[in-house]
Amino acid sequence: MAAILRLNYTSVSEFILIGFSTFPQHLLPVFFLLFLPMYLFTLLGNLLVMAAVWSERSLHTPMHLFLCALSASEVLYTFAIIPRMLADLLSTDRSISFRACASQMFFSFTPGFTHSFLLTVMGYDRYVAICHPLRYNVLVSPRGCACLVAWSWAGGSVMELLVTSIVFHLPFCGPNVIHHFFCHVPPLVKLACGDNVSTVAMGVGLVCIAALLGCGLLILLSYAFIVATILRIPSAGGRHKAFSTCASHLTVVVVHYGFASVIYLKPKGPQSLEGDTLMGITYTVLTPFLSPIIFSFRNKELKIAMKKTFLSKLYPSSV
């Protein structure tokens, strides 16, 4: 964070977030009432996943520990964006200071990058479990699992520290209106002035897309080997059992990369502010909302542990 604190102060000392300003005013309380329960459910679902994995020794497996780290990234990501978004829905003052904007970008994109890295690591875990089951305990040991999670968080932090530092060392001469509901890279870069802005914008874009596509290609490669191995299983029951262990991870990957691709890989062209805002909502609100549902629905052990953990908090004497 040291590089972020040495920000390049220019004539712009604050920004105005106008992501929802073009919607009819009577819809904003409706959006608030819709997004608040989704956010609370996202927090509750991910915290329950983390609590269940932490408290149940039977869930102290690499896949569940990766899932616990994934839930932590979801909690931090949504916490950096959604509370501010909810406040802006009920407020007429949507200004955010220069430093606060930089902090929001860093603390939202770090778990965002980490999320992609963790999904990639989970793909590797499934690859080893299905393609090399006899060597699973050696290739995915508890120590190795902890190292992979640590490297995912370290990689996410370094990537976003680099992006945030580059973006906020650009000169901002005005205007200061961000066409989004949080401090997102593309609308911020459009506000920068100077001769090298287009070069910086291209570089930052390439970094984000390379991280997204790189992780996606590694996951695809993992599943290519997984599918090839599953097809060689002689019994239909064996093939179904092997694929069921990947179903929740694969579903979250499709949702995550599907919405991310719409935002980061959409073709250049005229786009309404309402359209950009709604696309941003799918990635910042809907995807984190769906993740705990998908994992708990497809994982019987996790579902049982979550119910047990939840009931123990409500009725300590009955569990």
Side-chain angles (χ1 to χ4, degrees), residues 1 4 7 11-50 71-112 115 160 164 167-168 172 174-191 255-256 259-260 262-264 266 271-293:
M1 283 295 291
I4 297 178
L7 296 175
S11 59
V12 172
S13 60
E14 66 177 16
F15 296 99
I16 310 296
L17 301 167
I18 63 166
F20 290 97
S21 63
T22 57
F23 286 91
Q25 290 299 306
H26 69 274
L27 287 180
L28 300 188
V30 177
F31 288 151
F32 178 87
L33 293 175
L34 174 64
F35 298 147
L36 178 60
M38 293 178 69
Y39 173 57
L40 294 177
F41 180 87
T42 300
L43 284 181
L44 177 63
N46 283 297
L47 290 174
L48 272 176
V49 168
M50 294 164 64
S71 293
S73 72
E74 295 278 25
V75 169
L76 295 175
Y77 176 74
T78 54
F79 184 74
I81 296 175
I82 299 181
R84 168 76 202 210
M85 182 195 75
L86 292 172
D88 285 345
L89 284 171
L90 301 181
S91 173
T92 56
D93 179 15
R94 299 186 176 97
S95 62
I96 182 170
S97 70
F98 199 78
R99 282 182 177 272
C101 191
S103 297
Q104 187 187 55
M105 179 182 289
F106 178 81
F107 288 110
S108 62
F109 272 71
T110 293
H115 193 92
E160 189 45 40
T164 305
V167 170
F168 280 90
F172 292 90
N176 66 338
V177 176
I178 298 177
H179 289 250
H180 214 288
F181 55 85
F182 73 100
C183 292
H184 194 35
V185 173
L188 259 170
V189 172
K190 289 180 181 178
L191 300 180
V255 172
H256 174 79
F259 288 138
V262 169
I263 294 173
Y264 291 105
K266 67 179 180 179
Q271 179 71 37
S272 67
L273 179 57
E274 293 92 338
D276 283 337
T277 298
L278 292 176
M279 281 194 296
I281 287 296
T282 61
Y283 193 69
T284 56
V285 179
L286 186 59
T287 301
F289 173 77
L290 292 175
S291 290
I293 297 176

- [ ] Kindly say whether Thr282 contributes a backbone atom to a donor-acceptor pair with the side chain of Thr287 at under 3.5 angstrom?
- [x] yes
TODO: Can you sort out the partners of Pro37 under side chain to side chain contact (heavy atoms under 4.5 Å, CB included), two or more places apart, ordered by chain and number?
DONE: none
Task: Nearest heavy atoms of Tyr39 and Pro83, plus distance in Å - done: OH-CG, 3.5 Å
Open item on the list: In the structure I gave you, are the side-chain heavy atoms of Leu17 and Phe181 within less than 4.5 Å of one another anywhere?
Closed with: no
- [ ] Would you please classify the geometry between the Phe98 ring and the Phe172 ring as parallel, tilted or perpendicular, with 30° and 60° separating the classes?
- [x] perpendicular
- [ ] Could you check Val75 against Leu43 for side-chain contact (heavy atoms from CB on, under 4.5 Å), going step by step and ending with a plain yes or no?
- [x] CA-CA 6 Å; Val75 169; Leu43 284 181; 3.9 Å; yes
TODO: Identify the heavy atoms of Pro111 and Ser73 that sit nearest to each other, and give their distance.
DONE: CB-O, 3.3 Å
TODO: Would you check if Leu27 and Phe20 make a side-chain contact, meaning some heavy-atom pair closer than 4.5 Å?
DONE: no
- [ ] Mind checking ring pair (Phe, Tyr, Trp, His ring centres under 6.0 Å) for Phe182 and listing every partner two or more places apart, or none if nothing turns up?
- [x] His180, His184
TODO: Taking all non-hydrogen atoms of both residues into account, name the closest pair between Ser71 and Met50 and its distance.
DONE: CB-CG, 3.7 Å
Task: Close side-chain approach of Arg94 to Ile18, heavy-atom, < 4.5 Å - done: no
Task: Approximate separation, where rounding is to 0.5 Å, of Thr284 OG1 and Ile82 CD1 - done: 6.0 Å
TODO: Write down the atom of Leu191, the atom of Pro187, and the distance for their closest heavy-atom approach.
DONE: CG-O, 3.5 Å
Open item on the list: Ring-plane angle category for Phe31 and Phe23, please: parallel below 30°, perpendicular beyond 60°, tilted otherwise.
Closed with: perpendicular
Task: Pair Thr164-Glu160, side-chain hydrogen bond (donor to acceptor under 3.5 Å, both in side chains): steps then yes or no - done: CA-CA 6 Å; Thr164 305; Glu160 189 45 40; 2.4 Å; yes
TODO: Kindly write out the residues that satisfy salt bridge (charged side-chain N to carboxylate O under 4.0 Å, His left out) with Arg84, not counting sequence neighbours, or none if the list is empty.
DONE: Asp88
TODO: List for me each residue that meets side chain to side chain contact (heavy atoms under 4.5 Å, CB included) alongside Leu36, sequence neighbours excluded, and say none if there are none.
DONE: Phe32, Leu40, Leu86
TODO: Find the distance between CD1 (Ile16) and CG (Asp93) and round it off to the nearest 0.5 Å.
DONE: 7.0 Å
Task: Approximate separation, where rounding is to 0.5 Å, of Ser21 OG and His179 NE2 - done: 8.0 Å
TODO: Scan for disulfide bond (SG atoms under 2.5 Å apart) pairs involving residues 80-111, sequence neighbours excluded, and state none if there are none.
DONE: Cys101-Cys183
Task: Rounded distance (nearest 0.5 Å) linking atom CG of Leu290 with atom CE of Met38 - done: 7.0 Å
- [ ] Drop me the distance from Leu89's CG to Gln25's CD, to the nearest 0.5 angstrom.
- [x] 10.0 Å
Task: Pairwise distance CE(Met85) to OG1(Thr78) - rounded to 0.5 angstrom - done: 10.0 Å
Task: Residues that Ala87 engages under side chain to side chain contact (heavy atoms under 4.5 Å, CB included), provided they are two or more places apart - done: none
Open item on the list: Students often mix this up, so state it plainly: with edges at 30° and 60°, are the rings of Phe168 and Phe15 parallel, tilted or perpendicular?
Closed with: perpendicular
